[in-house]
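Below, each value reflects all heavy atoms present in this structure, side chains not excepted, and no hydrogens, waters or symmetry copies.
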Amino acid sequence: MVTLVYDVVREEEKALIRAAERIGMSLKTVRIGDIVDIDGWEPDVYLIRTLSHNKGIIAAAVVEGNGGIAVNSAHAIATSWNKAVTLAMLKNSGLPVPKTQVLFGDSDVEIKGRAIIKVASGSWGRKVALVTSTEEAKLLLKSAENEVFLLQEVIGTGEDIRVFVIGERAVAAMRRIPPQGDWRSNAARGGVTLPQKIDGELEELAVKAAKSVGAFYAGVDILVGDKLYVNEVNGIPEFKALMKTTGVDVARLLLEALERVRKA
C-alpha cells in the first residue's frame, strides 16, 4: 500500500486524495505531529509530503530505517532543501548553474552591479533580496545571524521555468513571469504562469537535475537567460499552480508512478 505522510493538509495533499479515489487506489494517510515514533512503520511505499522539511527528512529516514521506501528519500529531501548543496550536486552532474558564492555569517563580500542574496534553505521567494551595492549586502548579512547565504549572479529578468519530473520523465512545465515591479517569479508571490512546452533540452536538464540530488520526483527550477540555467530542485514540490496552469493531472501521475514502484 502507498501511504501519504503529511503534517499540514494543503491543496496538493487534497488533490492526491481525490486522485486516489478517482483511480480506485487505496491510499493510506499518516499525519506527522510533534512526536515521531522510530518503530512501528510497515515496509511499504511512503510519499513524504510534509510542509516542514525537517519533519520530512526525519520521517523519510524513519521509513527507510524500518525497511520501507520513502519518496523522496531522506537523502534527496535533505540535499534539495539546502540550495548550496544542491548547486554543488548540479555542478558535479555537469549542469549549467548560475555563478554562486556561499556566504557564512558577516562575510567580507563585494558587490559589482546587481546580485541576488538568499538563504541556503528557504522557499516561496522568502529571504531573497536583490542588492546593488556592497553596503546593502553587508547590512543584510549583519541582520541575519547564524544563516548561510548564497550570493548569485542575476540571470535574465527573473523569468524561469518550473519543470515537474517523475522518474525518468518531465510530465509538466510552466513558465513563470515576475509580477510588475518584482523580479521573483514564484506563483505564491503573484507571478504570472503560462504553460510551457517540454522539448528535449528542457526534459534532459530537469531529469538530470532530479537525479543529481537522488529525487524520484521533483520540481526543477530553470532560469531563462542567454541560455538555460538549473537553479533549484525541490524535493517536496508544490504543484497546485502547475496543475491549474497546464491542465496536467500531476497528482494522478505521481500516484500511478508510486504504484509501479510498490509493485516492482
I'd like to know if the side chain of Asn72 reaches the main chain of Tyr217, judged simply by a donor and an acceptor atom lying under 3.5 Å from each other, with no hydrogens or angles considered. yes
Say whether, by atom type as modelled, one donor and one acceptor occur between the side chain of Glu136 and the main chain of Val131 under 3.5 angstrom. no
Using 4.0 Å as the upper bound for N to carboxylate O, is an ion pair formed by Glu256 and Arg252? yes
Would you kindly say whether Thr100 and Gln152 are connected by a side-chain donor-acceptor distance under 3.5 Å? yes
What verdict does the side-chain contact (heavy atoms from CB on, under 4.5 Å) test give for Ile222 and Leu205, after you've listed the backbone C-alpha separation in whole Å, the side-chain angles of each residue and the deciding distance to 0.1 Å? CA-CA 8 Å; Ile222 298 177; Leu205 288 174; 4.1 Å; yes
Should Phe239 and Asn234 be marked as a side-chain contact (heavy atoms from CB on, under 4.5 Å) after you check the CA-CA gap, both sets of side-chain angles, and the distance that decides it? CA-CA 11 Å; Phe239 50 84; Asn234 300 271; over 6 Å; no
Over 60° means perpendicular and under 30° means parallel, so classify the ring planes of His53 and Trp81, tilted if in between. parallel
Between Glu203 and Glu168, what is the shortest heavy-atom contact and its length? OE2-O, 4.3 Å
Which heavy atom of Ala172 sits nearest to which heavy atom of Val250, and what is that distance? CB-CG2, 4.3 Å
Should Glu21 and Arg18 count as an ion pair when the cut-off is N to O under 4.0 Å? no
Determine whether Leu103 and Leu141 make a side-chain contact, defined as any pair of heavy atoms from C-beta on separated by less than 4.5 Å. yes
Hey, are the side chains of Leu258 and Val71 touching, using non-hydrogen atoms and a 4.5 Å cut-off? yes
Leu194 vs Ile177, test: side-chain contact (heavy atoms from CB on, under 4.5 Å). Steps then yes/no. CA-CA 8 Å; Leu194 301 170; Ile177 303 169; 3.8 Å; yes
Between Ala76 and Gly214, which heavy-atom pair has the shortest distance, and what is it? CB-O, 3.4 Å
Output for pair (Lys83 NZ, Phe149 CZ), nearest 0.5 Å, gives 11.5 Å
Does Arg10 come within less than 4.0 Å of Glu238, counting only side-chain N to carboxylate O? yes
Would you call Pro98 and Leu223 a side-chain contact if the rule is heavy atoms closer than 4.5 Å? yes
Could you tell me whether Arg49 and Glu13 have a side-chain N and a carboxylate O separated by less than 4.0 Å? yes
Does Asp160 come within less than 4.0 Å of Arg175, counting only side-chain N to carboxylate O? no
Using a 4.5 Å cut-off on heavy atoms from C-beta on, say whether the side chain of Gln196 contacts that of Leu202. yes
Less than 4.5 Å apart, side chain to side chain, heavy atoms only: is that true for Ser52 and Asp7? yes
Salt bridge Asp221-Arg176, side-chain N to carboxylate O under 4.0 Å: yes
Do Leu16 and Leu255 pass the side-chain contact (heavy atoms from CB on, under 4.5 Å) test, and can you show the C-alpha distance, the side-chain angles, and the key distance before you say yes or no? CA-CA 7 Å; Leu16 287 162; Leu255 290 178; 3.9 Å; yes
Work out which heavy atom in Leu150 is nearest to a heavy atom in Ala120; give both atom names and the distance. CG-CA, 4.5 Å
To the nearest 0.5 Å, what is the distance between OG1 on Thr50 and OH on Tyr6? 12.5 Å
Atom of Ala74, atom of Ala61 and distance for their closest heavy-atom approach: CB-N, 3.7 Å
Are the side chains of Val128 and Ile116 in contact, using a 4.5 Å heavy-atom criterion? yes
Would Val171 end up clustered with Val2 when hydrophobic side chains under 4.5 Å apart are linked, directly or stepwise? yes
Under-4.0 Å salt bridge between Glu232 and Arg162: no
Taking every non-hydrogen atom, the tightest pair across Ile38 and Val62: O-CG1, 3.5 Å
Can you tell me if Ser80 uses its side chain to pair, donor with acceptor, with the backbone of Ile77 under 3.5 Å? yes
Heavy-atom side-chain proximity of Lys211 to Ser93 below 4.5 angstrom: no
Side-chain donor/acceptor of Asn66 to backbone N/O of Gly68, under 3.5 Å: no
